[in-house]
Amino acid sequence: MKFGSLLVTSAIAVPAIALAVISQTGWPAAAPPPSGFASPRTVTITPGTLAYRMPGEFLKSERPVDAPKEDVRFRRPFEIMAYQVSISDYGQCVADGACEAAEGASDNKGALPATGVSFRDATAYASWLSGRTGETWRLPTDEEWAFAAAERFTDDTLGIEETNNPAARWLARYRSEAEAAKGRDPEPKPHGHFGANSKGVYDLAGNVWEWTSTCYRRASVNHQGDVESSTDNCGVRVTGGQHRGYMSFFIRDGKSGGCAAGMAPDNLGIRLVKERPSLFAALKAFWRSAAG
Amino acid sequence: MLTRREALLGTATGAAAAALLGSVLATPALAQAKVADIAGLPRVKVDLVAPPFAHAHDQVAKGGPKIIEYRMTIKEQPMVIDGEGTTLRAMTYEGSMPGPLMIVHEGDYVELTLVNPETNEMPHNIDFHAATGALGGGALTHVNPGEQAVLRWKATRTGTFVYHCAPTGMIPWHVVSGMSGAVMVLPRDGLKDEAGKPLKYDRIFYVGEHDLYVPRDENGKYKKYESLGDSYDETLKVMRGLIPTHVVFNGKVGALTGDNALKAKVGETVLFVHAQANRDTRPHLIGGHGDHVWEEGKFINPPAKDLETWFIRGGSAGAALYTFLQPGVYAYVNHNLIEAAELGATAHVMVEGEWNDDLMKQVQAPGPIPTN
């Protein structure tokens with residue numbers, strides 16, 4: 001069984017929000033890190049709370065409305081890559097036979113981010129990196145991405161009155177995404193080009209969107225704005241960037257056009273979170289080394 | 001003495017007059033007189049407008065025939081044709097793909113000054129499908145870099161017509177490098193439906209579709225060239241495969257989407273003029289229709305009605321009239337959907353207005369499937 005598909009199945013079973021607080025135990029046994037392989041540089045995101053606009057599509061009385069906000073508490077710090085995975089980082093995974101060649105540029109002039117990668121590619125890379133470093137790497141959840149992105153996270157509310165005219169939201173969404181895309185150069189830029197945010201994370205919300213593990217959700221909310229029922233579709237994942245994107249897990253190059261009258265991400269790339277060893281994981285590692 | 005008017009109208013009588021008429025018609029003097037006559041027509045200088053829009057014009061002609069003067073400068077320039085920065089060594093009329101739309105009335109004369117600046121590499125010309133003789137004017141407009149020529153032709157047939165560059169030996173290359181556009185010759189009394197009732201439009205959306213053939217390097221990446229001459233051999237090889245690398249509206253993937261999306265309102269009538277100088281296409285307005293469609297573009301033929309998709313033959317321009325009935329974001333595509341979504345042939349129209357529940361309503365929003 002391919003690791004990519006394993007992760008898809010496990011993520012269906014584990015609600016996305018739980019991923020933020022439950023340390024994962026399902027990762028393959030860590031091989032000792034080979035000498036000379038540097039673990040990617042990370043930034044520590046310190047605990048805090050986030051007034052979080054939920055991703056997905058929300059209906060109230062069968063009409064689309066802005067997603068409700070909820071307060072998400074991050075009780076533990078987490079580590080996130082300071083930069084997006086570069087072409088040469090990703091190339092090592094390809095050379096090891098654990099990742100498929102990316103669709104984006106392969107010529108790594110000046111530390112360009114790897115682009116043209118699907119959700120499957122991103123999870124395969126996380127699995128490979130975990131094996132190479134003996135650490136646990138995974139995609140961030142959308143909550144984690146939003147929290148780490150801080151002021152670079154775009155609240156994708158449309159803030160328009162509830163109306164019987166379904167076209168009002170389509171037009172407002174189109175307008176806001178078209179405005180954001182105006183004059184944007186889609187050519188991937190070297191690491192650091194878009195600068196760091198207030199938390200020290202580089203190139204967030206530049207022109208490379210980042211995969212998250214969060215599944216697309218359609219939900220009904222009541223008049224208080226509480227979710228009453230929802231359906232998750234894990235064939236589609238949330239991508240973080242200048243605006244939120246929803247992409248099928250196998251897509252490497254998001255496109256608009258035809259019936260899809262929205263603006264697609266310029267590029268798809270990878271930024272991973274490193275799990276801090278939980279007490280359980282530490283015990284397991286201790287037991288393993290003792291038994292071995 | 002037979003007057004020129006009598007000779008033209010055949011009002012003089014008798015065998016001698018008839019014989020005289022024959023000889024007069026054959027003399028160059030009469031042709032000179034005709035030119036002098038045309039010289040008496042009012043002249044209107046019209047500035048061309050970049051696509052997807054059209055220059056100001058009357059839908060119903062005011063007064064008699066005129067000479068409409070246009071000036072087009074040929075621009076050879078690198079143009080980015082997609083979001084990935086792929087660059088085409090383009091050849092264009094006025095710097096746009098397609099070249100600007102010219103609108104005149106039947107009986108008017110088009111007088112074009114075609115300028116080929118000396119900074120260009122190539123000789124060029126123009127073949128108007130709407131014009132009669134001399135390869136559509138191509139044989140009389142061959143201009144080398146540093147030259148200009150003036151061509152006058154009479155608009156004798158109504159409709160939308162393609163124009164394109166047609167230099168000896170290199171016609172397809174110039175056309176698939178950007179050198180095509182359209183002329184619309186309106187009936188003097190405007191457009192009419194199949195019963196002869198007048199039809200009006202609030203705006204024109206002028207869409208020029210180009211199939212482009214950009215060579216790739218050994219890694220599959222699109223190549224960039226330093227000059228037109230450098231690009232010729234390899235471009236020709238791709239062209240001969242007949243599979244375009246890009247099929248674009250108005251010169252670029254996304255030229256008519258996002259911030260450049262077309263805009264209209266519910267209740268407004270739009271005339272879509274669609275030109276393709278080289279390859280067949282099949283426009284379709286997703287969520288709308290063609291109320292009155294001149295597939296072949298020629299207004300003397302009654303328009304087809306209520307079409308879902310219409311066919312534009314390569315080497316022609318067609319026209320479709322539609323009144324928007326619902327608000328929303330419409331996609332106007334080449335309904336070979338691979339060409340629309342993968343190769344670029346998509347435009348968007350943002351239409352504002354009130355939703356009509358009678359025409360369409362979501363009776364139940366998507367939700368869980370009931371289990372009992």
Side-chain angles (χ1 to χ4, degrees), chain A residues 56-65 101 103-107 115-116 163-188 207 218-221 228-233 253-267, chain B residues 80 82-86 217 219-221 247-249 253-254 256-261 263 265-266 284 286-287 324 326-357 360-369:
Chain A
E57 191 185 348
F58 290 78
L59 303 171
K60 188 198 276 182
S61 310
E62 303 226 324
R63 274 193 227 133
V65 289
E103 218 167 78
S106 51
D107 187 7
T115 56
T163 160
N164 284 323
N165 184 347
R169 292 188 71 82
W170 304 333
L171 287 162
R173 170 79 60 212
Y174 192 85
R175 215 174 279 118
S176 102
E177 293 182 5
E179 181 62 32
K182 201 157 104 182
R184 194 169 63 215
D185 176 2
E187 193 73 24
N207 61 13
R218 181 182 271 126
S220 293
V221 296
E228 282 185 325
S229 68
S230 69
T231 313
D232 279 4
N233 173 7
D253 179 17
K255 283 194 183 74
S256 64
C259 299
M263 303 304 288
D266 294 336
N267 302 285
Chain B
V80 174
D82 61 22
E84 285 77 56
T86 304
D217 65 17
N219 299 319
K221 302 291 171 205
V247 178
V248 296
F249 291 164
V253 179
L256 301 177
T257 66
D259 200 43
N260 303 315
K263 289 175 184 69
K265 293 188 180 72
V266 170
H284 173 94
I286 300 179
F324 283 99
Q326 290 280 39
V329 183
Y330 288 72
Y332 176 86
V333 299
N334 171 342
H335 210 288
N336 177 326
L337 296 168
I338 302 164
E339 296 181 14
E342 294 295 321
L343 300 189
T346 297
H348 291 151
V349 190
M350 298 177 69
V351 180
E352 305 275 353
E354 284 307 307
W355 183 263
N356 182 336
D357 266 345
M360 186 180 282
K361 180 162 175 64
Q362 185 179 50
V363 177
Q364 185 186 47
I369 301 165

Could you report the tightest heavy-atom contact between [X] and [Y], atom names first, then the distance?
{"X": "B:G258", "Y": "A:A178", "result": "C-CB, 3.4 Å"}
{"X": "A:L171", "Y": "B:V329", "result": "CD2-CG2, 3.9 Å"}
{"X": "A:L59", "Y": "B:A365", "result": "CD1-CB, 3.4 Å"}

Can you tell me how far the [atom1] atom of [X] sits from the [atom2] atom of [Y], to the nearest 0.5 Å?
{"X": "A:N165", "Y": "B:Q326", "atom1": "CG", "atom2": "CD", "answer": "8.5 Å"}
{"X": "B:W355", "Y": "A:W170", "atom1": "CH2", "atom2": "CH2", "answer": "4.0 Å"}
{"X": "A:N164", "Y": "B:E354", "atom1": "CG", "atom2": "CD", "answer": "9.0 Å"}
{"X": "B:H348", "Y": "A:Y174", "atom1": "NE2", "atom2": "OH", "answer": "4.5 Å"}
{"X": "B:E352", "Y": "A:R175", "atom1": "CD", "atom2": "CZ", "answer": "4.5 Å"}

Heaviest contributor of heavy-atom pairs below 4.5 Å to chain A, chosen from B:G287, B:P368, B:G367, B:P366, is B:P366
How would you list, by chain and number, every residue that makes a salt bridge (charged side-chain N to carboxylate O under 4.0 Å, His left out) with B:D357, sequence neighbours excluded? none
Sequence neighbours excluded, which residues qualify as side chain to side chain donor-acceptor pair (under 3.5 Å) partners of B:N356? none
Given a strict heavy-atom distance threshold of 4.5 Å, which part of [X] is in contact with chain A: side chain, backbone, both, or neither?
{"X": "B:V363", "result": "backbone"}
{"X": "B:V351", "result": "backbone"}
{"X": "B:K221", "result": "side chain"}

Within 6.0 Å of NZ in B:K263, more than 12 heavy atoms from elsewhere: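 Yes, NZ of B:K263 has more than 12 neighbouring heavy atoms, counting only those of other groups under 6.0 Å.
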A:E62 and B:Q362: CA distance, side-chain angles, deciding distance, side chain to side chain contact (heavy atoms under 4.5 Å, CB included) verdict: CA-CA 9 Å; A:E62 303 226 324; B:Q362 185 179 50; 5.7 Å; no
Using non-hydrogen atoms only, which part of A:T231 is less than 4.5 Å away from chain B: side chain, backbone, both, or neither?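 Interface part for A:T231: side chain.
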Largest heavy-atom contact set with chain B, pairs under 4.5 Å, which of A:P166, A:A168, A:P188, A:S230: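 Ranked by heavy-atom pairs under 4.5 Å with chain B, first place is A:P166.
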